[in-house]
2 protein chains.
Amino acid sequence: MIRISKKVEYALMALKFISNSEHKLVTAREISDKGNIPYDLLSKILQKLKNENILISNQGTNGGYSMNKRPDEIPLFSLMNVIDGETAIAECLMDNSVKDCCLTDSCSIKNPVTVLQKEVEELFKKKTISDFV
Amino acid sequence: MIRISKKVEYALMALKFISNSEHKLVTAREISDKGNIPYDLLSKILQKLKNENILISNQGTNGGYSMNKRPDEIPLFSLMNVIDGETAIAECLMDNSVKDCCLTDSCSIKNPVTVLQKEVEELFKKKTISDFV
DNA sequence: TGAAATAGGACTATGTTAGTCCACATTTAA
DNA sequence: TTAAATGTGGACTAACATAGTCCTATTTCA
Ligand code: FES
Ligand code: FES
């Protein structure tokens with residue numbers, strides 16, 4: 001199955017929310033409440049986005065998050081990588097796939113699968129967060 | 001994560017193998033051995049393909065499988081649906097998604113996600129098995 | 001100091017995917 | 001007519017990934 005994880009969906013919703021609140025900090029609680037998103041889970045996601053310099057965070061009372069990049073500077077592809085880690089269309093294509101796929105040698109379709117991988121990547125790289133805002 | 005399941009990969013390998021053995025029946029055992037694919041799992045997959053009229057099967061001694069469609073008549077998209085069932089880029093977009101996504105109402109990004117869904121579908125519909133053979 | 005916020009590790013629950021096992025049905029060749 | 005070769009198909013288990021929870025810091029401000 002091909003899908004966008006809940007986490008990525010939450011990230012998109014959060015980024016949309018923050019983008020639309022220019023010039024004022026937005027708290028995780030706020031996003032969680034308005035978007036019906038589990039607070040703890042959302043916190044983790046926002047933390048990751050902050051660590052990747054997509055968001056800026058301010059701790060303490062009156063703290064919150066704000067954008068550190070324009071939505072059109074954030075490809076969906078990298079968002080997905082940030083949130084869910086390495087993304088590849090087939091297991092064996094993943095960089096970290098040291099866990100040697102038993103097919104590594106016998107796979108007869110690796111080339112066309114690699115081509116498809118490229119095409120999907122292309123699509124997800126062209127999409128940016130601005131398409132979701 | 002976005003990926004082609006092992007099952008679909010096995011199906012592609014099998015279809016390639018069968019396509020390249022024109023005019024002679026191919027047994028599940030044969031494909032399993034040559035492709036390093038778990039026999040039982042492969043059997044299930046071939047059965048599904050047969051039930052969807054992608055393959056023709058012949059039981060009994062000297063039995064085996066042969067193609068019932070040309071590779072270019074089988075879109076990757078439908079192969080994936082046959083093997084793994086309903087395919088959608090986000091949970092809530094799936095037809096069978098009666099299990100009401102808690103976000104159904106509050107989701108702020110359903111439209112753009114739907115657009116993306118369409119685009120991915122498009123890509124997987126254009127690809128056919130002939131691209132893997 | 002204490003409340004409001006982010007930071008982050010550890011854990012659990014749930015669901016999906018991959019793989020296995022077993023009994024049965026069909027066909028053919030000996 | 002029987003045995004072997006093959007496909008059919010249900011039920012089960014194992015392994016893994018995703019989603020979600022819990023708890024304890026740490027930072028900041030009033
Ligand atoms: S082993 Fe990865 S495409 Fe086949
Ligand atoms: S609930 Fe599905 S796109 Fe948001």
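A note on names: the letters A, B, ... follow the listed sequences, proteins ahead of strands, and every chain is numbered from 1.
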Does [X] place a side-chain N or O at less than 4.0 Å from the phosphate oxygens OP1/OP2 of [N]?
X	N	result
B/Lys44	D/dG9	no
A/Asn51	C/dA7	no
A/Ser57	C/dA7	yes
B/Ser43	D/dT8	no
A/Tyr65	C/dA5	no
B/Arg3	D/dC16	no
B/Asn62	C/dA29	yes

Tell me the interatomic distance from [X], atom [atom1], to [N], atom [atom2], rounded to whole angstroms.
X	N	atom1	atom2	result
B/Lys48	D/dG7	NZ	C1'	16 Å
A/Leu55	C/dA5	CG	P	17 Å
B/Tyr39	C/dC21	OH	P	14 Å
B/Asp84	C/dG15	CG	C1'	14 Å
A/Asp40	D/dT24	CG	P	13 Å
B/Ile4	C/dT17	CD1	P	13 Å
B/Lys6	C/dT16	NZ	C1'	16 Å
B/Ile45	C/dT17	CD1	P	13 Å

> Between B/Thr61 and B/Gly64, which is nearer to the 5' end of DNA chain D once each is assigned its nearest nucleotide?
Replying inline: B/Thr61
> What are the two closest heavy atoms between A/Leu55 and A/Asn68, and how far apart are they?
Replying inline: C-CB, 3.8 Å
>> So, taking the atom named OG1 in A/Thr27 and the one named OH in A/Tyr39, what distance separates them when rounded to the nearest 0.5 Å?
In response: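 Rounded to the nearest 0.5 Å, the OG1-OH separation comes out at 7.5 Å.
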>> Let me confirm one number: the NZ-CG distance from A/Lys48 to A/Leu79, rounded to the nearest 0.5 Å.
In response: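 One finds 10.5 Å between NZ of A/Lys48 and CG of A/Leu79.
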> Salt-bridged, A/Lys118 to A/Glu121, with N to O below 4.0 Å?
Replying inline: no
>> Quick check: any donor-acceptor pair below 3.5 Å linking the side-chain of B/Gln59 to the base of C/dT26?
In response: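 Not at all, since no donor on one side and acceptor on the other fall under 3.5 Å apart.
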>> Need to verify one output field. Residue with the more 5' nearest nucleotide on DNA chain C, B/Leu41 or A/Ala28?
In response: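 That would be A/Ala28.
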>> Quick check: on DNA chain C, is the nucleotide nearest A/Val26 upstream (toward 5') of the one nearest B/Lys7, or the reverse? Name the residue that is more 5'.
In response: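 That would be A/Val26.
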> Among C/dC22, C/dG8, D/dA19, which is the nearest nucleotide to the side chain of A/Ser5?
Replying inline: D/dA19
>> With no hydrogens and no angle check, just 3.5 Å: does a side-chain donor-acceptor pair link B/Thr128 and B/Asp72?
In response: no
